[in-house]
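Notes follow the structure.
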Amino acid sequence: MIKNAISTAKNLLAFLGIEDLIVYHDGIVLEKNLRNSDGRLVMKNGKSIVTIDSKIEFPQRKRYVLAHELGHILLHANMNASFSDDDTTLEGFKKGPQEKEANDFAAELLMPEDSFRKACLGRRFNPELLVELSNSFNTSLTSTVYRFIDLGNHPLAAFYSKNGKVQYWKKSNDMYCKIPDINKLKVPEESVAEEYYRHKRVYKINDIQEIEKSTWFELGKYEKNETMYEFCIITPRFNSVLSIIWQD
């Protein structure tokens, strides 16, 4: 089904305007004040109603939510169903094949694999590169991070925390670091994320903070506690932090 999600997205890359695509597929798009969700979708008898939260600040975020809902419409069209999408589904840590397929679709539609790999080629990693990619593909910084983990040219790990507790993590296949079982536990002491939750400290994009490897990773018996780096993307409306961890 993942291949189906990706191939379906590729077939739509020639179109412009995600809202137009939703309308083309017998859907309508509304914008309202939603509670506890970024987007909602109701599908019945081949028709769809997509509602986007009017409080979403950044248009790139709205664009990703629309792409996610379009993925549901195209990939799950045989269902009479409703989907309520918040940080748990859009960030990717709520498990379930339908949400994963919708996220795979949105990522390929907005950040095609071939184009994304070419944009990363020969570039040295730093958080400013993520911003450049986000601007280039007109995507949210968070969705760009997850795409970079899958397709980028430098190993990364990302830890998503909410209300001070780790909810989910993801790392590049070539990042050979052992992650302890920290889901549902407090963010680690001495992490940049912990600084935010304790002191509300937010660093600028070019103000990279050094941390020790043991802050987020489990060290082997003979493994050195090397220097790593952490940069955080803060989302106040969810009281969430996405910690991006890497090593030179």
Side-chain angles (χ1 to χ4, degrees), residues 1-2 4-113 115-116 131 133-147 160 162 233 235-240 242:
M1 291 300 291
I2 294 175
N4 184 36
I6 293 173
S7 63
T8 302
K10 284 182 176 179
N11 290 335
L12 291 172
L13 293 179
F15 289 87
L16 295 175
I18 300 173
E19 288 191 42
D20 293 337
L21 288 170
I22 291 174
V23 172
Y24 178 79
H25 289 280
D26 292 324
I28 61 173
V29 178
L30 307 174
E31 191 167 320
K32 294 182 179 180
N33 186 355
L34 298 179
R35 294 185 62 185
N36 302 320
S37 64
D38 278 350
R40 290 179 183 166
L41 168 65
V42 177
M43 296 191 299
K44 188 173 183 179
N45 299 327
K47 297 187 182 298
S48 307
I49 300 175
V50 175
T51 306
I52 297 292
D53 185 15
S54 58
K55 298 188 298 299
I56 298 177
E57 182 178 358
F58 299 105
Q60 295 88 348
R61 178 67 171 182
K62 289 184 178 181
R63 191 165 175 259
Y64 185 83
V65 176
L66 285 171
H68 179 96
E69 306 303 356
L70 178 60
H72 280 309
I73 291 170
L74 294 178
L75 297 168
H76 312 129
N78 60 335
M79 302 171 57
N80 288 336
S82 62
F83 298 90
S84 183
D85 291 306
D86 56 14
D87 57 319
T88 65
T89 56
L90 297 165
E91 303 294 344
F93 67 82
K94 184 175 182 178
K95 303 300 181 183
Q98 293 170 353
E99 296 302 341
K100 177 160 178 43
E101 288 164 9
N103 279 327
D104 287 338
F105 172 89
E108 183 62 34
L109 179 67
L110 301 179
M111 296 169 280
E113 179 175 352
S115 299
F116 196 90
V131 173
L133 292 168
S134 173
N135 292 335
S136 176
F137 289 96
N138 195 21
T139 50
S140 69
L141 193 53
T142 297
S143 61
T144 305
V145 170
Y146 289 126
R147 196 61 165 164
Y160 181 84
K162 185 174 182 179
I233 300 171
T235 307
R237 65 193 296 262
F238 289 131
N239 195 27
S240 67
L242 184 66

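Just so it is clear, the model here is predicted, and its values are computed rather than measured. Values below: every heavy atom of this structure, side chains too, minus hydrogens, waters and symmetry copies.
Side chains of Glu101 and His72: no donor on one and acceptor on the other come within 3.5 Å.
Once rounded to the nearest 0.5 Å, the distance linking CG of Leu242 with CG of Leu141 reads 8.0 Å. To the nearest 0.5 angstrom, Leu41 atom CG is 6.5 Å from Phe83 atom CZ.
By the salt bridge (Lys or Arg N to Asp or Glu O under 4.0 Å) test, Arg147 pairs with Glu108, sequence neighbours left out. Residues forming a side chain to side chain contact (heavy atoms under 4.5 Å, CB included) with Ser136 (at least two apart in sequence, or on another chain): none. Every residue two or more places apart in sequence or in another chain that forms a side chain to side chain contact (heavy atoms under 4.5 Å, CB included) with Val42 is listed here: Ser82. By the side chain to side chain contact (heavy atoms under 4.5 Å, CB included) test, Asn239 pairs with Asn163, Tyr196, Tyr197, Lys200, sequence neighbours left out. Judged as a salt bridge (Lys or Arg N to Asp or Glu O under 4.0 Å), and not counting sequence neighbours, Glu19 has no contacts. With sequence neighbours left out, Lys44 forms a side-chain hydrogen bond (donor to acceptor under 3.5 Å, both in side chains) with no residue at all.
Between Glu31 and Lys62 a salt bridge is recorded (basic side-chain N to carboxylate O distance below 4.0 Å). Electrostatic pairing of Asp53 and Arg61 does not count as a salt bridge here, judged by no charged N lying under 4.0 Å from a carboxylate O.
Listed for the Ser134 side chain is a donor-acceptor partner under 3.5 Å among the backbone atoms of Thr139.
In this structure, His68 and Tyr64 have tilted ring planes: the angle between them lies in the 30° to 60° band.
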